[in-house]
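Notes to accompany the following structure.
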Amino acid sequence: MSKKETYNHIENNSDFKGLKVNSGIPQPESVNHESVKRFLNKSRILLPVNDYVNGILNGDITLLSKAVTLVESANAKHQQLAQDIITQCLPYSGKSIRVGITGVPGVGKSTFIEALGIYITKQGGKLAVLAIDPSSERTKGSILGDKTRMEELSGDRNAYIRPSPSAGSLGGVARKTRETIILCEAAGFNHIFIETVGVGQSETAVHSMTDFFLLLMLAGAGDELQGIKRGIMEMADLIAINKADGNNIEKAQMAKVQYNNAIHLFPKKDSEWDPKVLTSSASLKTGISEIWDQIENYKELTKQNGYFAAKRNQQATYWMHETIQEQLRRDFYDDPVIKAKIKELEKQIREDKLSSFMAAGQLLQLHSKQK
Ligand code: GDP
């Protein structure tokens with residue numbers, strides 16, 4: 001077709017006065033070539049457990065990524081393989097500092113993580129950045145998974161960035177992130193950042209899998225304590241007032257004093273750590289090393305007083321219960337007998353023919369009979 005010729009598409013009809021629709025670009029032969037198809041299929045072939053485990057222990061990022069993909073998969077075969085890999089990696093995990101980083105969208109989380117991340121890798125550290133993104137549940141697209149974020153860190157050989165797993169309940173997403181932490185640690189990443197958007201429940205999930213909780217905030221005019229729920233502030237081990245640069249420096253200093261007063265009204269922490277408030281400019285990379293120093297101080301204090309290990313133990317038992325609940329729920333709702341019956345009972349509840357408790361009882365009994 002010549003360039004001038006109009007493509008015969010319904011919207012090129014005179015009834016439609018919008019954009020002109022052009023014909024699509026033909027697919028190059030090579031994309032559909034048998035060898036490419038064979039290659040694509042081959043890359044989906046599952047490897048033996050030991051191949052993944054050895055690869056991960058040797059710091060092979062490609063195999064680490066493949067194992068994380070298995071962790072995130074809903075396929076039962078993939079899940080079984082993932083569990084076997086995790087079990088074998090578990091003895092090599094744990095040797096890291098896990099930092100949760102939260103703050104409302106736009107506060108500068110990615111810019112901050114990039115600045116702090118580069119500071120860490122320059123000192124010889126290895127950093128994995130993972131995310132828990134509640135929005136991905138709704139939109140099926142992760143805002144924390146945007147590829148254009150953290151460009152410099154993405155190119156750093158000592159950094160591994162993995163966007164939030166995008167399917168399932170918050171509990172499911174959190175479990176996958178927790179399992180990914182284990183794999184990353186086994187691959188030699190001794191710094192783990194878990195990023196989340198500071199607007200919902202996911203902070204509690206992040207708090208339950210990290211050692212240190214960092215909250216990024218902005219200096220506002222008079223409404224410094226707005227926007228972030230009190231409970232999230234109470235969890236913070238450090239609040240960084242970001243964007244402390246240009247005209248904002250003075251306001252950031254004022255906010256620092258106010259937050260400092262506010263957080264000292266909270267009950268003392270079990271960790272014996274006195275939470276800190278600092279200012280930073282993620283863009284100018286100022287205040288970054290001071291924040292890292294505080295994280296190091298926290299680590300030293302809590303390793304000495306035993307809190308670090310105690311918290312990790314407590315988290316491990318918490319995650320055992322979470323995993324059981326998640327597994328039971330999945331088992332139940334995936335049961336074909338339940339799937340067939342549940343709609344009918346839902347209808348009966350809506351029509352007031354059956355109470356919710358009776359329906360739940362019937363379904364649970366039906367499910368246990370399958371076992
Ligand atoms: P996120 O949504 O929390 O991940 O925030 P981003 O890191 O994407 O940053 C949001 C916007 O704020 C971007 O335009 C950044 O360039 C800008 N930004 C981030 N940190 C700073 C900072 O320290 N100072 C200033 N002036 N701008 C910043």
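Below, each value reflects all heavy atoms present in this structure, side chains not excepted, and no hydrogens, waters or symmetry copies. Ligands are counted one by one from 1 in listed order, and the atoms in each one are counted from 1 as well.
- Under a 4.0 Å criterion applied to the non-hydrogen atoms of P105, ligand 1 contributes the atoms 2 (O).
- At a 3.5 angstrom cut-off on N or O pairs, E195 does not count as close to ligand 1.
- Residue contacts with ligand 1 for T111 involve both N, CA, C or O and side-chain atoms from C-beta outward (heavy atoms, distance under 4.0 Å).
- We find that D211 and K311 are not joined by a salt bridge, their nearest charged nitrogen and carboxylate oxygen being 4.0 Å or further apart.
- Shown in contact with V104 at under 4.0 Å from a heavy atom are these atoms of ligand 1, numbered in order with element: 3 (O).
- The shortest N or O to N or O distance between G108 and ligand 1 is under 3.5 Å.
- Not one N or O of S280 is nearer than 3.5 Å to an N or O of ligand 1, by distance alone.
- In this pair, F193 and W292 present their aromatic rings tilted. The plane angle is within the 30 to 60° band.
- Taking both residues in full, the closest heavy atoms of K285 and A115 are given as CG-CB, 4.0 Å, listed atom of the first, atom of the second, then distance.
- The minimum heavy-atom distance between L218 and I241, with the atom names listed, is C-CG2, 4.1 Å.
- Judged by the shortest distance from any of its heavy atoms, G106 lies inside the 4.0 Å radius around the atoms of ligand 1.
- Ligand 1 places these atoms under 4.0 Å from at least one heavy atom of N242: 20 (N), 21 (C), 23 (O).
- Under a 4.0 Å N-O distance rule, the pair R162/E72 qualifies as a salt bridge.
- When A282, G246, G287 are checked for heavy-atom proximity to atom 23 (O) of ligand 1, A282 turns out nearest.
- A pairwise comparison of heavy atoms in E195 and K109 identifies OE2-CB, 3.5 Å as the closest pair.
- Between F213 and H207, the angle of the ring planes goes over 60°, which puts this pair in the perpendicular group of the 30/60° scheme.
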